[in-house]
Amino acid sequence: MVTADRGLFAALSRVCPDVREATEDDAITGVIPSWTAAPATAAEAAALMRLAAHHDLAVTARGAGTKLDWGNPPRRADLLVDLGNLDGILEHQAGDLVVRVQPGVRLDPLARILAEQGQQLALDDPVGGATVGGTISTAVCGPRRLRYGAPRDLLIGVTTVLADGTITRSGGKVIKNVAGYDLGKLFTGAFGTLGLVVEAVFRLHPLPAACAWLILNPADRATAVSAMRTLLHSQAAPSAIEWDSAQGPPEVAALFEGGAAESRAAALRRSLGDGRTSDRPPPWWGTHPDGTLIEVRFPVGRFSEVLGEIDEAARDHAVAARTRGGFGLLHVGVSEDPADAPDTAAFIMRIRGNLAALGGVVIVRRAAGAVRDRVDVWGPGGAVRLMRRVKERFDPQGLLSPGRLVGGV
Amino acid sequence: MADRLGELARRFTGLLGSDSVITDPVRLRTYECDGLTVHRTTPGLVVLPTTAEQIAAVVTECVRTRTPYVARGSGTGLSGGALPRGDGVLIVTTRMRRVLEIDVVGRRAVVEPGVTNLAITQAALPHGYYYAPDPSSQQVCSIGGNLAENSGGAHCLKYGFTVNHVLAAEIVTPDGEIVTLDALDPGYDLLGAFVGSEGTLGIATKTTVRLTRLPEKVKTLLAAFESTEAGGRAVSAVIGAGIVPAAIEMMDALAIEAAEASVRCEYPPGAGAVLIVELDGPEEEVAAEYAQVVDLCSEAFEIRIAADDVERAAIWKGRKSAFAAVGRISPAYIVQDGVVPRTALPEVLARIDALSAEYGCRVANVFHAGDGNLHPLVLFDDADPRAGARAEELSGAILDLCVRHGGSITGEHGVGVDKSRYMPRMFSEDDLDAMHRLRCAFDPWNLCNPGKIFPTPRLCGEVPGVRRGVHPLVASGEAELW
Ligand SMILES: Cc1cc2nc3c(=O)[nH]c(=O)nc-3n(C[C@H](O)[C@H](O)[C@H](O)COP(=O)(O)OP(=O)(O)OC[C@H]3O[C@@H](n4cnc5c(N)ncnc54)[C@H](O)[C@@H]3O)c2cc1C
């Protein structure tokens, strides 16, 4: 360590005792920062940010690190701020169906605690082990988005540390609230490029009295899609409808929650003339396929065309594409063998190009360098110029995970 | 200024045609206020565009000449959000009323900004679908206004607000560009931030909304209680049982009295409070929950059940007319909109009673009980010159009460000009500064609906590295630099 660095290290430890030199385990998409600091309080996180701004240190935030290999490598990374120690459940007002938590709280233990009061934070955790902070920042969602929405729909208040160390809050603790801009929306999907989320308030839902899955094994893709459409448009109100071809022959499963879940599932089984009901989901439910992971988002009505495009592109590029997901969101798993990277890249560019015409968006999530070298993981993005302007206002020095997001933001 | 507006009027006539530009003072005056009539300003100029390109051209001209502009939909807003500028342009969307697409398979509709909320539902109904957010003003209010205010409705407890139903919006940005904000795009949720920004981040020119499948069964009941406390206990019991009704609305005795006087809703006589509970969804589920709800309303002295749509409408009639009905029992009134955590309702209602006695103003309470969104109606006699100020004060004290209980100064009507002064009671200077950064990212010139939301005029500093001289308003001491 050079002398200047030693001075910085000392300065960092003064504001946050839990600081150490970073290791390979702290790599952000392959970039190893100089230090890792784990603040014990929001105030420590703010002090770290002030110091970072003063010394022009680039900062990346980490929750549980389950998606630290998503996005672009940051252009610079000096300090990794590990929010894992900020893991308190600050307030659970069961009567108000609201919970206030720190960012390092993991979804799994949180679910157990809320379940004691018959409640849930209705967010899925497809990768497993995620924190609420990471879930907000990556805007990850799973099967139940159909009923409950994405993280942005359940986040009702947020406290953040901005790049200059200011602590700010927007939203609140009530579900209904239109006072001021809802900055929580900006922070969902921001990949830590606007500030550190140090506290979040979520809307909760009651745990359903019962859950039942209707599981179908359609003969082919057309039958599957038609069954899924029937489910989507039925008045039996399924909470999730998912498709899987990653395990072998296509399987379709739909979740029914609440009163008469089982008999609603059974009624649809009868009208579809196929399938079985179960009180458990199929093993693939709510997970991502293995391998290089590609996320495809598209308008609900385009499901069949999107599946068709993926299949066709896979055939043409000799890629074994395993798809899982449902209306509006599919994940595709393909080989991670470095030797296949050129084909994988060609496949990605092909579906990105073709799906754009259907309003679809293709994002590479987990991929080796050999793939990343060949394709832009984010694709062109939407209102990138506006995003850039937001970034400039919130982080004028460009310190927060610079370049990690779409368009080099 | 008159010169500048005159020049703009000529340019806009060239761009939009003469029948789309209003300069006649009498006609201009019809746009002087929105639903909150205490704030009035005659706009400098009104334009009635028909396309996004026209709006972009108007905005571009406004930016070039540094002229402030305000978007207006149907003008039903209740916070003065569409209050025009005497030195500016009002851009009215009432000629953009086409439903462009109803895509049943994709469960979505694409509409122009002036389309009314109800028109979307009407277009979707034949297909078994509807547009879920249902503000009471839905027959009139525009989807553009709904986006700007993130409007809710009686059924948003279960189905969410506008923001949860908007899939994409084409907007004209404050620099005159046409940009689409799409929920599918990666990165910052700019669409989510735009919704609820009260017309300060741009003008929505086309919106894609989600359509919701009609429920298989709807069951509506009206329960009459001795008091709001007893009604409140029933609400807590229902929510505590894990039931999420489509709607759960309460009215107190004074609100009921007003509704009786106005629409003769014939609610059970002698009720201290009525509760309207609506359940919807799959038939079997609704049947089970309905039995539970009836049990949980054990303190009610009368329960009525709507047997059909006509009876359902009769139950809702009193509730839906409540705001206007108050006009029957009081010469003037203020419609307040505040939120408290639902569990704080009993305490807050008791405190509102006490405040009402203290200020000598009657307060009628109508509220979305499921999510703690209160609409206290503060009654006063505008013939008494001091009564208005007293009512105003009481109305403000109720907001303080909401904030003290961890709630909000507005649940659905927005901040606008009306509540900007209350923003510092809920947010710190740093919080407001952070919000202002977003505004500056979109509108560095502060021309797009200026003077709304933020309590004090704020200017956008240049993005560091491109700072040039001192802003004239700073130099003259009229504004601080942020
Ligand atoms: C009787 C009555 C009942 C009401 N009930 C409810 C209710 O139940 N729930 C509820 O939430 N509200 C309610 N409201 C309030 C009001 O109807 C809503 O806020 C509505 O969304 C306003 O729509 P509008 O078209 O009238 O907008 P306007 O009043 O014209 O404008 C409102 C705001 O939107 C902006 N705006 C308008 N069009 C656009 C656009 N295209 N792009 C960007 N900004 C735009 C304006 O600048 C302004 O800031 C009620 C009002 C009345 C009078």
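Chain letters run A, B, ... following the sequence lines, proteins first, then strands; residues in each count from 1. These figures come from a predicted structure and were not determined experimentally. These numbers come from the heavy atoms of this one structure, side chains and all, not from hydrogens, waters or symmetry mates.
- Contact annotation for A:T138: neither backbone nor side-chain heavy atoms come within less than 4.5 Å of a heavy atom of chain B.
- The closest side-chain heavy-atom distance from A:R389 to B:D175 is below 4.5 Å.
- Looking only at side-chain heavy atoms (C-beta outward), B:D103 and A:P299 stay at 4.5 Å or farther from each other.
- For a residue to count as touching a neighbouring chain, one of its non-hydrogen atoms must lie under 4.5 Å from one of that chain's; by this rule B:V179 touches chain A with the side chain only.
- In this structure a side-chain-to-backbone donor-acceptor pair under 3.5 Å is missing from A:R393 to B:L438.
- The candidate from B:L191, B:T180, B:L167, B:V163 with the greatest count of non-hydrogen atom pairs under 4.5 Å with chain A is B:V163.
- Among B:R108, B:H368, B:K217, B:E289, the residue making the largest number of heavy-atom pairs under 4.5 Å with chain A is B:H368.
- With a 4.5 Å cut-off on non-hydrogen atoms, B:R439 touches chain A through its backbone and its side chain both.
- Contact of A:I175 with chain B is made through backbone and side chain together, with heavy-atom distances under 4.5 Å.
- When each of B:K419, B:E198, B:M435 is checked for heavy-atom pairs under 4.5 Å with chain A, B:M435 comes out on top.
- Looking at A:S263, both its backbone and its side chain come within 4.5 Å of chain B, counting heavy atoms on both sides.
- A donor-acceptor distance shorter than 3.5 angstrom exists from the side chain of A:Q235 to the backbone of B:L214, with no hydrogens or angles considered.
- Within the 4.5 angstrom heavy-atom criterion, atoms from both the backbone and the side chain of A:A190 approach chain B.
- If you measure heavy-atom distances from B:D337 to chain A, you find no contacts under 4.5 Å at all.
- For a residue to count as touching a neighbouring chain, one of its non-hydrogen atoms must lie under 4.5 Å from one of that chain's; by this rule B:H413 touches chain A with the backbone only.
- For chain B, the nearby part of A:L405 is the side chain; its heavy atoms alone come within less than 4.5 Å.
- In this structure, no portion of B:D182 lies under 4.5 Å from any heavy atom of chain A.
- Both the backbone and the side chain of B:A193 come within contact range of chain A, each with at least one heavy atom under 4.5 Å from a heavy atom of that chain.
- There is no contact between B:Y422 and chain A, counting heavy-atom distances below 4.5 Å.
- Proximity to chain B (any heavy atom under 4.5 Å) is shown, for A:F191, by neither the backbone nor the side chain.
- For B:P186, the parts lying near chain A are the backbone and the side chain together; criterion is any non-hydrogen pair under 4.5 Å.
- Using a 4.5 Å cut-off between heavy atoms, B:T410 touches chain A through backbone and side chain atoms alike.
- In this model, no donor atom of one side chain and acceptor atom of the other lie less than 3.5 Å apart for B:Y188 and A:T188.
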Applying side chain to side chain donor-acceptor pair (under 3.5 Å) to A:Y181 and B:T200, what does each step give before you reach the verdict? CA-CA 10 Å; A:Y181 297 147; B:T200 62; 2.6 Å; yes

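- For chain A, the nearby parts of B:M426 are the backbone and the side chain; heavy atoms of each come within less than 4.5 Å.
- Contacts of B:F442 with chain A are made by both backbone and side-chain atoms, with heavy-atom separations under 4.5 Å.
- Considering only heavy-atom pairs separated by less than 4.5 Å from chain A, the leading option among B:S428, B:S197, B:A287, B:A288 is B:S197.
- Among A:E295, A:R152, A:R264, A:K185, the residue making the largest number of heavy-atom pairs under 4.5 Å with chain B is A:K185.
- When the candidates A:L97, A:D182, A:D153 are compared by the number of heavy-atom contacts under 4.5 Å with chain B, A:D153 comes out ahead.
- A distance of 8.5 Å separates OG in A:S234 from CD in B:E216, rounded to the nearest 0.5 Å.
- For A:E91, no part lies near chain B; criterion is any non-hydrogen pair under 4.5 Å.
- Shortest non-hydrogen contact noted between A:V174 and B:S408 is CG2-CB, 4.0 Å.
- Most heavy-atom pairs under 4.5 Å with chain B: of the set A:G118, A:G95, A:A179, this distinction falls to A:A179.
- Each of B:D189, B:V105, B:V104, B:L157 has some count of heavy-atom pairs under 4.5 Å with chain A, and the biggest count is that of B:D189.
- Contact count against chain B (heavy-atom pairs under 4.5 Å) is highest for A:K391 among A:H205, A:K391, A:R388, A:Q117.
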B:L181 vs A:L386, side-chain contact (heavy atoms from CB on, under 4.5 Å): CA-CA, chis, key distance, verdict: CA-CA 10 Å; B:L181 309 178; A:L386 278 173; 4.1 Å; yes

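- The contact between A:T166 and chain B is made entirely by side chain atoms (from C-beta outward), counting heavy-atom distances below 4.5 Å.
- The residue among B:V195, B:L201, B:T208 with the most heavy atom pairs within less than 4.5 Å of chain A is B:L201.
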Applying side-chain contact (heavy atoms from CB on, under 4.5 Å) to B:L190 and A:L186, what does each step give before you reach the verdict? CA-CA 6 Å; B:L190 296 178; A:L186 286 185; 3.7 Å; yes

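- Proximity to chain A is absent for every atom of B:S236, based on heavy atoms less than 4.5 angstrom apart.
- No donor-acceptor pair under 3.5 Å is formed between the side chain of B:R342 and the backbone N or O of A:D96.
- Heavy-atom neighbours of chain A within the stretch residues 237-246 of chain B, taken at a separation under 4.5 angstrom, comprise B:I239, B:G242, B:V244.
- In terms of non-hydrogen atom pairs under 4.5 Å with chain B, the most contact-rich of A:Q119, A:R147, A:K173, A:H233 is A:H233.
- Side-chain contact annotation: B:T343 with A:Q93, donor-acceptor N/O pair under 3.5 Å absent.
- With a 4.5 Å cut-off on non-hydrogen atoms, A:R229 touches chain B through its side chain but not through its backbone.
- Contacts of A:R385 with chain B are made by side-chain atoms alone, with heavy-atom separations under 4.5 Å and no backbone atom involved.
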May I have the step-by-step check of side-chain contact (heavy atoms from CB on, under 4.5 Å) for B:E149 and A:V178, ending in yes or no? CA-CA 7 Å; B:E149 303 290 355; A:V178 295; 5.8 Å; no

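- A salt bridge is defined here as a Lys NZ or Arg NE, NH1 or NH2 lying under 4.0 Å from an Asp or Glu carboxylate O, and B:E412 with A:K176 meets this definition.
- Of the two parts of B:E283, neither the backbone nor the side chain holds a non-hydrogen atom closer than 4.5 Å to a non-hydrogen atom of chain A.
- Residue A:R169 touches chain B through both its backbone and its side chain, counting heavy-atom pairs closer than 4.5 Å.
- Heavy atoms closer than 4.5 Å to chain B are found in the side chain of A:R203, but not in its backbone.
- In this structure, the portions of A:L232 lying under 4.5 Å from any heavy atom of chain B include both its backbone and its side chain.
- Looking at B:V340, only its backbone comes within 4.5 Å of chain A, counting heavy atoms on both sides.
- Put simply, of A:V384, A:L207, A:T193, the one with the most heavy-atom pairs under 4.5 Å next to chain B is A:T193.
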So B:R437 and A:L162, side-chain contact (heavy atoms from CB on, under 4.5 Å) or not? Walk me through it. CA-CA 11 Å; B:R437 292 180 196 221; A:L162 301 185; 3.7 Å; yes

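- Once rounded to the nearest 0.5 Å, the distance linking CG of A:L355 with CG of B:L184 reads 11.5 Å.
- For A:V390, the parts sitting under 4.5 Å from any heavy atom of chain B are the backbone and the side chain alike.
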